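Some notes on the structure that comes next.
Within every chain, numbering begins at 1; the chains are lettered A, B, ... in the order of the sequence lines, protein sequences first and strands thereafter. Predicted, not measured: the structure shown is a model, and the values here were computed from it.
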Number of protein chains: 2
Amino acid sequence: MAGSASRLKDIAKQTGFSVNTVSLALRNSPRIPDETRRQIAEAAAKLNYLPNQVAKSLVMKETRSIGLILTDLTNPVLTAMAQAVELELTKRGYTTLFATSNNKLDLERSLIETFRARRVDGMLIFPCQHGELEHIRNLRARNFPVVLLVGDADAGVDAVCMDERAGAHKAVAHLLDNGHQRIALLDSASDKGNYEKREGYTSAMAAAGLNVDPTLIITPDGSDVASGYLAMETLLQNDTGATALLAATDSLALGALRYCIKSGIKVPDDMAIFGFDNIEFAEHAVISLSSVDYDIESISKMAIERVISLINSKGLLPPPRITQVEPDLMIRESTL
Amino acid sequence: MAGSASRLKDIAKQTGFSVNTVSLALRNSPRIPDETRRQIAEAAAKLNYLPNQVAKSLVMKETRSIGLILTDLTNPVLTAMAQAVELELTKRGYTTLFATSNNKLDLERSLIETFRARRVDGMLIFPCQHGELEHIRNLRARNFPVVLLVGDADAGVDAVCMDERAGAHKAVAHLLDNGHQRIALLDSASDKGNYEKREGYTSAMAAAGLNVDPTLIITPDGSDVASGYLAMETLLQNDTGATALLAATDSLALGALRYCIKSGIKVPDDMAIFGFDNIEFAEHAVISLSSVDYDIESISKMAIERVISLINSKGLLPPPRITQVEPDLMIRESTL
DNA sequence: CGCCGTAGTATTAACGATAATACAGATCGG
DNA sequence: CCGATCTGTATTATCGTTAATACTACGGCG
């Protein structure tokens, strides 16, 4: 207790210098001569001094911390984002305050307030409803640095993200190129108003002159493997004549794949399966999975650079910029 | 800017009351009459007042935040822990400061210092080297509340964790019961001095009167699926006559499983495979994977309860307690 | 020899909150 | 009708820093 609670004042008392001199010495001010600095450093070491960041933050009006709000960590993509963000922030001397909204808008709102009260210097947010951004726009309107990790051209807030629409479009276009016409979509996100992938699907179909058959669009209950399994069952029961599908996540795709294997449906011959996010297990599935691929690490880095540049922009924030990275297709056995 | 920066002083100015009265009113002190409270609340709302947690922390000498240090987030188990910890802490009004050590002891040390400087009220740590805990014991010696998320009976620091040794022992015992004698171990952690699983393996073999054949112990380069794949290849090349294996993680097990399927080795007939951690993909593998299973959520909750109880223990910390939860076996197709 | 710049250090004032204490004016009991 | 209690509010100190300003020698220079 005594050891942990040492303050500038204690060093001052020990050395006979004033608190301010001690502070300057420890911060290597040129005004302090070497001998004084040495004495003070010595005393600081002996007392096991550790500067109190809380006090420092109060006077400096910056905490060197940023808030990261994701929907959850069950999704490997968000996990990878959290990892990349934390790594990069630590490297830059920032601390990460982390929280998950569990896809609840109210919780998201209250987490934002909590972080604001804690005076984080900026926030990175993966919003749970891509269309419900009013509270985040408000934040920005108060000149608070925020960057979204998923976003639209008209978000009204800075964003650095993958272009989900383009990814879905590309994947469906690929399936069309391979001769498929009855292409299903497994996407649970669209019930929360996150229509990007669905729009990409639709636009690709439209570009090929095909109307979208609503029975080809399945909305699983979740985004996990089990949901994909059940969704596949549903799709086949509907007897839609689908010969290919795009799943909104690799987990869904892996579930669908598993159902096919269990049911003796040949992948890719009877059913081509396209995943999304290219997680580790996609590559290593029994039948390796084609997937929409993008570099999460570099997106995360760019997002951090953006939020830090906003933090450093003195005065008013610059107008929001949306950066959408176009994903690539990773073609594997499941769509050959 | 003006909007975000409102302080008690501003409300005081608006309403004509003193700063202290405002503070008391907003904290619902009984000494403040309703009418005054109303006026102050109104002004606070109009000014969009949000208490400054930094200032509050300084005077209250508590931040209501705890630091969570994991090795990384690529491991689904740690991901689940992070998720569970964050959820529970938020529920209890704490904020989570999150960081990963990337299995580097130096980084772990410096992260601890960073969190200490930020005056977190306590820490939850998944140490990267289970035998290197001196720096953490030092923390505790300074009366700082720490709880390990993995640990040994003689850690000298509080710990709430799964009993890896018991888990490995049980799994191997199960394989022995099924008639296997040549049982391999795939474990990359033991090169970092984390011998728990290996010890469990050894003790189970010893209990069956079997000596451990070192060629049966493979140390993959990592803990991911690809490493498991390569490790399986190595194992077979060594021509050890192994008929079963225990992998230290499900990812390794899935990699091994994949190699077997590619090579026409029948699972479980030619090779029984036991995984560890029971992640989602274990259940849904082509051949569903037996795995050592435990309730991460409840362990995380207990760990949080422990650290909070340490925080609330006024005066000296109580002597450290180690709680080890014994895992169960989830038996599936891969070891039938 | 007196003035000035400067090197080294100290003093004072923030930062935005809480906590302890002080102080008026009303109320009440004897 | 006067001291004592209570009610509502203000004043002051404090948390551990940094920042701005103030002082005190001392050396150089005209």
Side-chain angles (χ1 to χ4, degrees), chain A residues 1-41 43-44 47-65 113-114 116-121, chain B residues 1-41 43-44 47-65 113-114 116-121:
Chain A
M1 194 164 177
S4 88
S6 89
R7 303 145 301 168
L8 288 184
K9 196 196 277 191
D10 300 316
I11 302 177
K13 211 161 286 174
Q14 270 260 322
T15 56
F17 293 104
S18 77
V19 167
N20 182 263
T21 301
V22 173
S23 172
L24 288 172
L26 291 176
R27 284 179 292 150
N28 286 318
S29 156
R31 304 192 60 175
I32 307 292
D34 288 349
E35 171 56 16
T36 304
R37 190 196 317 283
R38 202 195 49 71
Q39 286 178 42
I40 290 177
L47 291 172
N48 216 295
Y49 174 74
L50 196 64
N52 185 327
Q53 269 294 336
V54 174
K56 204 165 170 170
S57 295
L58 182 58
V59 45
M60 306 255 279
K61 290 167 166 303
E62 65 159 21
T63 54
R64 286 201 81 77
S65 67
E113 288 303 281
T114 303
R116 211 157 68 83
R118 288 187 179 272
R119 297 306 195 259
V120 295
D121 295 338
Chain B
M1 193 162 178
S4 87
S6 91
R7 301 145 301 167
L8 287 185
K9 195 196 278 191
D10 300 317
I11 302 178
K13 212 162 285 174
Q14 271 257 323
T15 55
F17 293 104
S18 77
V19 167
N20 182 267
T21 301
V22 173
S23 172
L24 288 172
L26 292 177
R27 284 179 293 151
N28 286 316
S29 158
R31 305 194 57 173
I32 307 293
D34 288 350
E35 170 57 14
T36 304
R37 192 197 313 285
R38 202 195 49 71
Q39 286 178 41
I40 289 177
L47 290 173
N48 215 294
Y49 174 74
L50 195 64
N52 185 327
Q53 268 295 337
V54 174
K56 204 165 171 169
S57 295
L58 183 57
V59 46
M60 305 254 280
K61 289 167 170 303
E62 66 159 21
T63 54
R64 287 201 80 78
S65 66
E113 288 303 280
T114 304
R116 212 158 68 83
R118 290 187 179 273
R119 296 305 192 263
V120 295
D121 295 337

(request) Would you kindly give the CG-to-C1' distance between A:Leu26 and D:dG16, to the nearest whole Å? (result) 13 Å
(message) Under 4.0 Å between a side-chain nitrogen and a carboxylate oxygen: does that hold for A:Asp10 and A:Arg7?
(response) yes
(request) In whole angstrom, give the distance that lies between atom CZ of B:Phe17 and atom C1' of D:dT11. (result) 16 Å
(message) Distance alone, cut at 3.5 Å: any donor-acceptor contact between the side chains of B:Thr114 and B:Arg118?
(response) no
(request) Report the distance from atom CD1 of B:Ile11 to atom CG of B:Leu26, rounding to the nearest 0.5 Å. (result) 5.0 Å
(message) Which nucleotide wins on minimum distance to the side chain of B:Val59, given the candidates D:dG16, D:dT18, D:dC15?
(response) D:dC15
(request) Find the distance between CZ (A:Arg64) and CD (A:Glu62) and round it off to the nearest 0.5 Å. (result) 5.5 Å
(request) Between D:dT17, C:dT9, C:dG16, spot the one nearest the side chain of A:Thr21, thanks. (result) C:dT9
(message) Quick check on D:dG16: is either OP1 or OP2 less than 4.0 Å from any side-chain nitrogen or oxygen of B:Lys61?
(response) yes
(message) Please report the distance, rounded to the nearest Å, between CZ in A:Arg37 and P in C:dG8.
(response) 10 Å
(request) Could you tell me whether the phosphate oxygens of D:dT17, OP1 or OP2, come under 4.0 Å of any side-chain nitrogen or oxygen in A:Ser23? (result) no
(request) Take the protein atom CD of B:Glu62 and the nucleotide atom P of C:dA17, then report the distance between them rounded to whole Å. (result) 16 Å
(message) Taking the minimum atom-to-atom distance to the side chain of A:Ile32, which one of C:dA19, C:dT9, D:dT17 wins?
(response) C:dT9
(request) May I ask you to evaluate whether A:Ser18 reaches the phosphate of C:dT9, defined as a side-chain N or O under 4.0 Å from OP1 or OP2? (result) no
(message) Looking at B:Arg31 and D:dT9, is any side-chain donor or acceptor paired with a base atom of the opposite kind under 3.5 Å?
(response) yes
(request) Using a cut-off of strictly less than 4.0 Å, decide whether B:Arg119 has a side-chain nitrogen or oxygen near OP1 or OP2 of D:dG16. (result) no
(request) Select from B:Met60 and A:Leu58 the residue whose nearest nucleotide in DNA chain C is closer to the 5' end of that strand. (result) A:Leu58
(message) Any side-chain N or O of A:Thr36 below 4.0 angstrom from OP1/OP2 of C:dT9?
(response) yes
(message) Of the options C:dT18, C:dT9, D:dT11, whose atoms approach the side-chain atoms of B:Asn20 most closely?
(response) D:dT11
(request) Figure out the CG/C1' separation between B:Leu24 and D:dA10, and round it to whole Å. (result) 11 Å
(request) Report yes if a side-chain nitrogen or oxygen of A:Arg7 is closer than 4.0 Å to either non-bridging phosphate oxygen (OP1 or OP2) of D:dT17; otherwise report no. (result) no
